[in-house]
There are 2 protein chains.
Amino acid sequence: VTAPSSALARRLAFLLEADRLKRVERQSSITGGDRRENSAEHSWHLALFALVLADHAPDDVDANRVVAMLLLHDLVEIDAGDTFVYDEAAHADKVEREQAAADRLYALLPDDQASSLRALWEEFEERATPDARFAAALDRLQPLLLNHANHGEPWLRHGITADRVRARNAHIADGSPDLWAAARETIDDAVAQGWLPEE
Amino acid sequence: VTAPSSALARRLAFLLEADRLKRVERQSSITGGDRRENSAEHSWHLALFALVLADHAPDDVDANRVVAMLLLHDLVEIDAGDTFVYDEAAHADKVEREQAAADRLYALLPDDQASSLRALWEEFEERATPDARFAAALDRLQPLLLNHANHGEPWLRHGITADRVRARNAHIADGSPDLWAAARETIDDAVAQGWLPEE
């Protein structure tokens with residue numbers, strides 16, 4: 001049995017460790033394009049997406065659970081780093097790296113809370129529930145909007161083509177048909193503007 | 001009456017505008033101390049605090065509402081900038097600057113959503129409900145922990161004394177007695193370490 005004061009101390013240690021997510025750089029840049037987005041501010045942006053776009057989720061989605069899931073979804077990157085969605089090689093050992101990170105990070109919390117929060121992250125990763133599919137849709141839509149706003153960065157830098165963007169993001173439709181329609185419009189406009197080569 | 005597609009377009013425009021919060025610098029630095037924290041990653045960190053520390057809130061606090069409040073609480077800084085908690089001069093016109101910012105930003109959303117989200121932000125500002133008091137307690141506790149981790153920055157840079165820190169943060173007790181105890185320990189330890197002059 002953990003005493004209350006000790007539970008609080010463990011929670012605060014976890015929250016200080018979480019601060020390191022602010023150092024993890026993603027491939028997308030913030031609007032304006034002058035620096036990369038980090039995974040902490042990305043997680044804030046996604047949680048705000050969940051709050052604001054809740055009306056576009058299927059009826060069985062619990063927006064509060066989706067917000068919580070998105071606050072946690074990238075924490076493992078503190079140890080495992082960000083894996084670019086189009087980097088096939090890095091995806092080979094992504095699960096292993098992230099499980100090891102989750103083992104270390106969630107163990108900082110009191111046991112019961114470690115289990116419940118890790119379960120929420122695992123649910124996100126498995127994308128098998130409506131909440132997780134909606135969260136995953138937001139996680140794909142947000143960089144599309146940033147990359148469009150930044151005139152094709154980082155697509156142009158990495159030589160990504162429109163067919164790969166469509167294939168990698170098609171699961172947005174499983175989370176929210178409305179948001180997949182918006183994503184397709186964004187992709188088509190990026191192609192029309194010359195910010196995303198068709199092939 | 002707003003058509004659904006147009007409501008979605010307004011929500012996405014709001015979310016892209018919100019991206020600019022990633023450019024607003026605060027006085028506290030991230031752990032390690034090598035750069036300032038921005039208000040977007042700060043907002044993520046606070047929402048995670050609310051999720052993880054919910055057991056230390058009074059029974060009548062709704063943690064999900066607190067999370068939503070904290071995701072929104074600094075958005076007005078996109079126009080109004082961050083106001084350092086110990087900067088008395090800047091506090092003179094803070095309310096006016098932030099109300100003008102809220103007028104512009106929330107108007108990007110569909111009307112009904114603009115009203116409900118702005119009301120949540122106003123509730124945070126007024127600190128008159130248990131949810132708002134708990135949110136405000138987290139908003140004060142987090143920089144204390146960062147400043148302690150960074151050996152007194154930015155307190156030392158600005159010549160802030162412990163009595164001012166105690167006075168400015170005493171309202172943490174209204175949000176959560178547990179967290180005020182943790183805050184007092186943090187302040188006392190910073191004094192003992194020489195990171196925060198008693199006077």
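Bear in mind the structure is a predicted one, so any value in this text is a computation, not a measurement. Here is how names work: the chains are called A, B, and so on, in the same order as the sequence lines, proteins then strands, and each is numbered from 1.
Heavy-atom minimum distance, B:K22 versus A:I30: CD-CG2, 3.6 Å. The minimum heavy-atom distance between A:L8 and B:H56, with the atom names listed, is CB-CE1, 3.5 Å. A pairwise comparison of heavy atoms in B:L51 and A:Q113 identifies O-NE2, 3.9 Å as the closest pair.
No other option in A:R65, A:R23, A:E185, A:R20 has as many heavy-atom pairs under 4.5 Å with chain B as A:R23. For chain B, the option among A:L75, A:L179, A:L16 with the highest count of heavy-atom pairs below 4.5 Å is A:L16.
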(request) Give the intermediate values and the outcome of side chain to side chain contact (heavy atoms under 4.5 Å, CB included) for residues B:L12 and A:L53. (result) CA-CA 8 Å; B:L12 295 178; A:L53 298 176; 4.1 Å; yes
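Of all residues in residues 119-149 of chain B, those placing a non-hydrogen atom less than 4.5 angstrom from a non-hydrogen atom of chain A are B:L141, B:Q142, B:L145, B:L146, B:A149. Taking non-hydrogen atoms and a 4.5 Å limit, the residue list of residues 33-49 of chain B in contact with chain A, ordered by number, reads B:G33, B:D34, B:R35, B:E37, B:N38, B:A40, B:E41, B:S43, B:W44, B:H45, B:A47, B:L48, B:F49.
To the nearest 0.5 Å, the span separating CG on A:D112 from CG on B:D55 amounts to 7.5 Å.
When heavy atoms are compared at a cutoff of 4.5 Å, A:V52 approaches chain B by way of both its backbone and its side chain. In this structure, the portion of A:A182 lying under 4.5 Å from any heavy atom of chain B is its side chain and not its backbone.
Under the 4.5 Å side-chain heavy-atom criterion for ILVMFWY residues, a single connected hydrophobic cluster contains both B:L108 and B:Y106. A continuous path of hydrophobic side-chain contacts links B:I78 to B:F84 [ILVMFWY only; heavy atoms under 4.5 Å]. Cluster membership check: B:V165 does not share its hydrophobic cluster with B:L156, using side-chain heavy-atom separations under 4.5 Å among Ile, Leu, Val, Met, Phe, Trp and Tyr.
Remark: the backbone N or O of B:N64 is not paired with any side-chain donor or acceptor of A:N64 at under 3.5 angstrom.
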